[in-house]
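First the structure, in the form of structure tokens, and then the observations on it.
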Amino acid sequence: MILRVGLTGGIASGKSTILALFGRHGCFTLDADKLVTEIYRPGQAGHDALVRTYGPSVLREDGEVDRVALANIAFATQEEAKKLNALIHPIVIAETERRLAALPDGTIAVVEATLLLEAGGRERYDRIVVIDVAPDVQLSRAVGRGMTREEAARRIAHQMPREERLRHADYVIDNSGDVDQAERETARVVEALRGDLQGRR
């Protein structure tokens with residue numbers, strides 16, 4: 001038996017950093033965004049689905065998916081964004097399930113995805129861990145990554161509200177502080193998850 005853990009958080013909450021910390025504690029980790037990049041490669045299911053749906057306009061000359069062109073089409077409206085998610089999420093979920101099924105008993109498997117809850121993750125995972133940051137910290141970090149304040153605020157507004165995300169959480173990691181705080185918070189949750197795994201065996 002493995003413990004399936006869904007890890008999520010809003011934009012600029014530090015999901016990649018926290019996922020890496022889980023890996024250092026011996027957990028199996030999977031970044032769903034990187035998995036999307038894999039399935040967008042030529043010959044993969046995501047690539048085929050995109051070409052069937054949007055045509056060759058979403059491809060570069062070398063046949064790779066043009067992520068900018070795809071984003072311009074798919075995120076022009078909320079309806080188009082939902083269309084893309086409905087197309088790609090089942091493929092990502094299927095590949096995630098295939099990888100989790102191959103893990104040995106006793107593994108804590110942490111899967112990180114921005115839209116994990118929106119894509120029905122509450123039903124697919126034994127535990128949900130939400131990375132939470134103070135709104136002012138989230139905004140300043142997003143700006144520090146090159147976004148304007150207006151763009152960052154718009155992206156935050158389009159994501160699941162903070163309060164709703166927290167309602168789904170079995171565990172919350174406060175990542176508003178420095179790296180040392182992130183490490184302490186992650187270590188605390190890992191210990192709790194190990195206890196959860198032992199209780200299920």
Side-chain angles (χ1 to χ4, degrees), residues 2 4-20 28-103 109-126 128-131 138 141-142 145-148 150-162 164-165 167-168:
I2 71 170
R4 300 155 63 99
V5 180
L7 177 69
T8 193
I11 183 175
S13 60
K15 294 183 291 295
S16 296
T17 297
I18 300 297
L19 186 69
F28 169 85
T29 61
L30 182 62
D31 181 334
D33 289 337
K34 290 182 179 177
L35 190 55
V36 169
T37 299
E38 290 182 34
I39 67 170
Y40 278 5
R41 298 298 307 278
Q44 299 300 311
H47 186 280
D48 295 344
L50 291 175
V51 174
R52 280 198 309 271
T53 303
Y54 299 106
S57 63
V58 296
L59 299 181
R60 303 193 314 238
E61 289 186 4
D62 61 2
E64 297 281 352
V65 172
D66 185 331
R67 300 292 288 263
V68 174
L70 177 62
N72 288 339
I73 295 170
F75 297 108
T77 65
Q78 286 202 342
E79 289 72 26
E80 285 295 331
K82 289 178 181 176
K83 178 180 173 182
L84 176 63
N85 288 336
L87 183 70
I88 297 301
H89 280 164
I91 300 171
V92 174
I93 290 168
E95 178 61 20
T96 299
E97 292 297 322
R98 186 186 71 79
R99 297 189 186 194
L100 295 183
L103 295 175
V110 182
V111 179
E112 181 265 302
T114 301
L115 298 177
L116 185 136
L117 292 169
E118 292 88 333
R122 177 74 269 185
E123 290 73 40
R124 293 195 309 277
Y125 294 95
D126 302 310
I128 298 293
V129 178
V130 170
I131 306 166
Q138 183 182 28
R141 285 180 182 171
R145 293 179 180 180
M147 296 184 190
T148 65
E150 294 74 20
E151 182 184 5
R154 187 168 59 250
R155 291 278 296 274
I156 291 169
H158 278 121
Q159 293 189 333
M160 180 179 285
R162 180 189 186 193
E164 183 178 353
R165 196 161 44 234
R167 280 200 298 271
H168 290 282

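Computed over heavy atoms, backbone and side chain alike; hydrogens, waters and symmetry mates excluded.
Every residue two or more places apart in sequence or in another chain that forms a salt bridge (charged side-chain N to carboxylate O under 4.0 Å, His left out) with Arg41 is listed here: Glu64. With sequence neighbours excluded, the residues that form a salt bridge (charged side-chain N to carboxylate O under 4.0 Å, His left out) with Arg162 are Asp132. Arg52 meets the salt bridge (charged side-chain N to carboxylate O under 4.0 Å, His left out) test with no other residue; sequence neighbours excluded.
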Donor-acceptor pairs under 3.5 Å, side chain of residues 113-126 to any protein atom, not counting sequence neighbours: which ones?
unit_1, atom_1, unit_2, atom_2, d
Arg122, NH1, His168, O, 2.7
Arg122, NH1, Asp170, OD2, 3.3
Arg122, NH2, Asp170, OD2, 2.9
Arg124, NH1, Ala119, O, 2.8
Arg124, NH1, Gly120, O, 3.4
Asp126, OD1, Arg200, NH2, 3.3
Asp126, OD2, Arg4, N, 2.8

Exercise answer: donor-acceptor pairs, residues 33-40 side-chain atoms, under 3.5 Å, sequence neighbours excluded:
unit_1, atom_1, unit_2, atom_2, d
Thr37, OG1, Asp33, O, 3.4
Thr37, OG1, Arg67, NH1, 3.4
Glu38, OE1, Arg99, NH2, 2.7

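Contact record, Arg60 with Asp62: NH2-OD2, 2.8 Å, taken as the closest heavy-atom pair. Across all non-hydrogen atoms, the minimal contact from Ala86 to Pro90 is O-CD, 3.1 Å. Across Gly43 and Asp48, no two heavy atoms sit closer than the pair O-OD2, 4.3 Å.
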(Q) With side-chain contact (heavy atoms from CB on, under 4.5 Å) as the criterion, how do Leu19 and Lys15 come out once you've worked through the C-alpha distance, each side chain's angles and the decisive distance to 0.1 Å? (A) CA-CA 6 Å; Leu19 186 69; Lys15 294 183 291 295; over 6 Å; no
- Can you list the steps and then say if Phe28 with Val111 is a side-chain contact (heavy atoms from CB on, under 4.5 Å)? CA-CA 8 Å; Phe28 169 85; Val111 179; 5.5 Å; no
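To the nearest 0.5 Å, atom OG1 of residue Thr53 and atom CG of residue Leu70 are 10.0 Å apart. Put simply, CG on Leu87 and CG on Leu50 are 6.0 Å apart, with the number rounded to the nearest 0.5 Å.
Within the structure, salt bridge (Lys or Arg N to Asp or Glu O under 4.0 Å) contacts touching residues 70-87 (residues at least two apart or in different chains) do not occur.
For the pair Asp66/Leu59, no side-chain contact is recorded, criterion being any heavy-atom separation below 4.5 Å from C-beta on. Counting heavy atoms from C-beta outward, Ile73 and Ser57 have side chains that approach closer than 4.5 Å. In this structure the side chain of Ile91 never reaches within 4.5 angstrom of the side chain of Glu95, judged on heavy atoms. Looking only at side-chain heavy atoms (C-beta outward), Met147 and Ile11 come within less than 4.5 Å of each other.
One N or O on the side chain of Ser13 and one on the backbone of Gly10 form a donor-acceptor pair closer than 3.5 Å. Side chain of His89 to main chain of Leu84: no donor-acceptor pair is present (N/O by atom type, distance under 3.5 Å, no hydrogens or angles). Looking at Glu112, its side chain never comes within 3.5 Å of a backbone N or O of Gly6 through a donor-acceptor pair.
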